[in-house]
Amino acid sequence: MGRPPAQAGASDNLPSMVVKRLVGNALVCGTLLWSALKFSFEEKEALRGARSALSRNEAPVLWRFGTPPVLELTRCMDRVRSELARDSIVGFVSAEGPSGDQLFRWRWAAFLAPEIHLLEVHDPVPPLSTAFLVVYGREFRHRQIEPVFESPGCSLFRVRPVS
Amino acid sequence: MTLPGFVALLLLPCLLVLLGRSLSWATIGADDSLPFRTAFHGLVGMVLFHHIAQVLSVAKVSWGPSTLAFAAGLLGAGLWWLGRRVPATPTRATRVKPDWGDGLAAYAVLSFTALSGTLWITTPDYVYHWGIKARRYFLIERIDFEYLSLPWNWVTHPDYPNLLAELFAFIAIAAGRFEDASAVLFTGVFLAAMAIAARETMARTVASPFLRRAGLAIVALSFAMFGIGQQMAGAADWMIALALLAALPALLRTPDSSGDLQIAFAAAFAAASKVEGVPLAGFVVVAHLTRRLMHRSFSLRAVLLIAAIVSSVVVPWLALVRHYGLLQKFNVGAFEVARLSVVASATLEALRLACWRWHGFYWFLLLAPLMLLERRLRLIAGVVLLQLAFYFYVYLTAQVDTRFLILSSLPRLFLHLIPTVLVCAVIGLDRLIGPRPTSPEPS
């Protein structure tokens with residue numbers, strides 16, 4: 001003869017509820033501990049990274065603020081900005097490389113000089129159509145250009161129109 | 001960071017809350033806690049600020065500090081005047097008592113914010129998109145649509161909504177100079193608002209105090225953990241995550257008029273943040289209206305009001321994108337089923353290689369289909385799954401390198417949804433193991 005449904009439910013529910021709670025709370029405690037540990041890991045990694053920023057010399061795709069390549073480009077673009085009028089149209093050429101190095105250098109340079117319009121110039125160089133050209137971190141010769149300033153790794157040229 | 005930059009950074013959230021408060025007579029529910037009210041005022045303030053910034057830009061009026069202050073004052077006073085006869089919302093909310101869950105969440109948010117200040121965890125997208133636009137807008141004191149439409153600026157995502165860049169530019173305008181640290185530090189405001197919205201949702205729906213506290217701590221620690229590791233300071237993705245979390249309290253209580261407005265502003269905020277926010281806005285609104293239907297409280301007035309608020313963001317955005325020819329051709333394309341295998345293999349690769357900064361938390365997304373089984377979470381699960389489906393639709397249509405797109409975007413896109421799924425997981429678990437809620441809210 002079976003037990004009445006209500007009685008069966010009461011006697012079955014209590015232990016199962018306790019087990020459910022135990023398992024549920026253990027899962028939550030585990031997840032909380034995991035999130036705290038991983039948060040702490042990321043926090044320490046970031047602090048270590050920020051402290052060692054000045055010794056990092058990564059590819060342009062991995063550039064971050066405060067690292068030597070970004071500081072170097074910032075100095076270059078500051079000098080370029082000081083020579084040019086707002087909204088000047090300027091070409092930007094730098095060394096090609098793996099992982100789109102030139103593209104990422106160009107985007108950082110554009111970010112650092114929002115007053116000017118910076119266009120990416122690729123090799124082989126067609127007749128230049130911009131008024132100026134920034135040459136960054138490489139040698140560059142072209143019959144249309146004459147220097148505004150030249151320094152190691154960072155030069156600004158005026159572009160003569162094609163005659 | 002200079003002192004003016006720091007002051008401007010503190011000033012902006014206060015002004016946004018003040019601006020958003022002008023609509024408090026319509027947007028705040030009786031049970032909303034003070035922190036949630038404040039966070040939601042801020043969210044409304046950002047949507048209103050977006051309107052001001054956009055209208056002034058279209059009218060080619062410079063965003064001087066006095067112009068912005070005057071426009072914000074005028075709009076705020078007008079909205080306040082509209083609601084002057086509306087009786088003040090009776091507040092039933094009790095005082096919030098901080099507990100260890102709040103402490104851990106606050107620590108996570110503050111730690112992320114402090115690390116943002118070093119610029120070390122700045123998102124590359126800040127350099128490529130948001131920051132460069134903000135610097136340009138600061139220079140010419142308005143949105144530079146002509147600059148965005150130049151062919152070589154396709155790399156800046158010129159077709160994206162501008163709210164984040166406008167906020168960054170405003171901090172600079174108030175400070176008198178552009179400082180990356182001030183701009184990027186503002187991300188902390190989004191994280192704080194996310195934690196507050198998550199807390200509010202769980203305070204109303206989770207009966208077990210332990211689950212509430214642990215749940216909040218897990219949500220905040222996980223999103224801050226990802227934000228630090230993945231370099232997410234200065235990213236707009238927080239705004240999408242915030243919009244969805246901010247909509248949760250309204251999506252989980254009996255539909256009412258303040259809920260309509262909360263849904264409308266959360267959706268409008270999502271749409272003003274990123275392109276991905278536009279479909280999310282639609283899904284959230286449809287979910288809310290479906291609930292109104294289920295509760296037999298469907299009203300045309302609510303539909304029109306929500307549509308008007310969301311359209312006030314979406315329609316001008318579409319019109320400006322069209323007018324200036326900003327839509328990038330590679331963003332759209334034909335649906336290619338043949339790409340399914342590439343998408344599947346790249347997704348697996350992303351889960352294996354690119355998503356590791358989630359430290360396994362993305363597996364919680366698998367709970368979204370299970371949430372469909374729980375009546376009160378069903379519509380939220382629908383929103384999450386539809387948004388996820390939208391991302392995969394984009395992967396199957398966008399005319400770019402699919403593998404690269406998935407590897408570079410999937411971890412970030414998960415941020416939009418994981419915090420909400422975690423909150424819902426806590427609610428679901430509470431239903432399974434916790435005591436019955438004392439003040440249940442029907443779905």
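Note on naming: letters A, B, ... go to the chains in the order of the sequence lines (proteins, then strands), and numbering restarts at 1 for each one.
At a 4.5 Å heavy-atom cutoff, the contact between Leu115(B) and chain A is made by side-chain atoms alone. Both the backbone and the side chain of Tyr126(B) come within less than 4.5 Å of a heavy atom in chain A. With a 4.5 angstrom heavy-atom cutoff, Asp87(A) touches chain B only via side-chain atoms. In this structure, chain B has no heavy atom under 4.5 Å from any part of Arg51(A). Looking at Leu118(A), only its backbone comes within 4.5 Å of chain B, counting heavy atoms on both sides. At a 4.5 Å heavy-atom cutoff, the contact between Val155(B) and chain A is made by side-chain atoms alone. Residue contact with chain B, scored on non-hydrogen atoms closer than 4.5 Å, is absent for Ser40(A). Looking at Phe404(B), there are no atoms closer than 4.5 Å to chain A (heavy atoms on both sides), in backbone or side chain. In this structure, the portions of Ala108(B) lying under 4.5 Å from any heavy atom of chain A include both its backbone and its side chain. Contacts of Asp180(B) with chain A are made by side-chain atoms alone, with heavy-atom separations under 4.5 Å and no backbone atom involved.
Interface check for chain A: of the options Ala114(B), Ala220(B), Gly131(B), the most heavy-atom pairs under 4.5 Å are formed by Gly131(B). When Thr118(B), Thr122(B), Leu139(B) are compared by the number of non-hydrogen pairs under 4.5 Å with chain A, Leu139(B) comes out ahead. Highest contact tally toward chain B, considering only Gly24(A), Gly66(A), Ser35(A), Ala53(A), is held by Ser35(A) [criterion: heavy-atom pairs under 4.5 Å]. Among Leu32(A), Leu103(A), Leu22(A), Leu27(A), the residue with the largest count of heavy-atom pairs under 4.5 Å with chain B is Leu32(A).
Arg64(A) places a side-chain N or O within 3.5 Å of a backbone atom of Trp120(B) that can act as its donor or acceptor partner.
A distance of 11.0 Å separates CD of Glu42(A) from OG of Ser111(B), quoted to the nearest 0.5 Å. For the atom pair CZ of Arg21(A) and OG of Ser208(B), the computed distance is 8.0 Å after rounding to the nearest 0.5 Å. Here the NZ-CD1 distance, from Lys44(A) to Ile228(B), works out to 12.5 Å after rounding to the nearest 0.5 Å.
Checked for salt-bridge contact, Arg107(A) and Asp125(B) miss the test: no charged N lies under 4.0 Å from a carboxylate O.
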Stepwise side-chain contact (heavy atoms from CB on, under 4.5 Å) test for Trp34(A) and Ile218(B): CA-CA 9 Å; Trp34(A) 179 255; Ile218(B) 290 168; over 6 Å; no
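Between Phe41(A) and His359(B), the angle of the ring planes goes over 60°, which puts this pair in the perpendicular group of the 30/60° scheme.
Looking only at side-chain heavy atoms (C-beta outward), Phe210(B) and Cys29(A) come within less than 4.5 Å of each other. Proximity of His117(A) to Tyr147(B): side-chain heavy atoms (C-beta onward) are separated by under 4.5 Å at one or more points. Val127(B) is listed as a side-chain neighbour of Phe65(A), based on a closest heavy-atom distance under 4.5 Å. Side-chain contact between Thr31(A) and Phe361(B) is present, with heavy atoms from C-beta onward closer than 4.5 Å.
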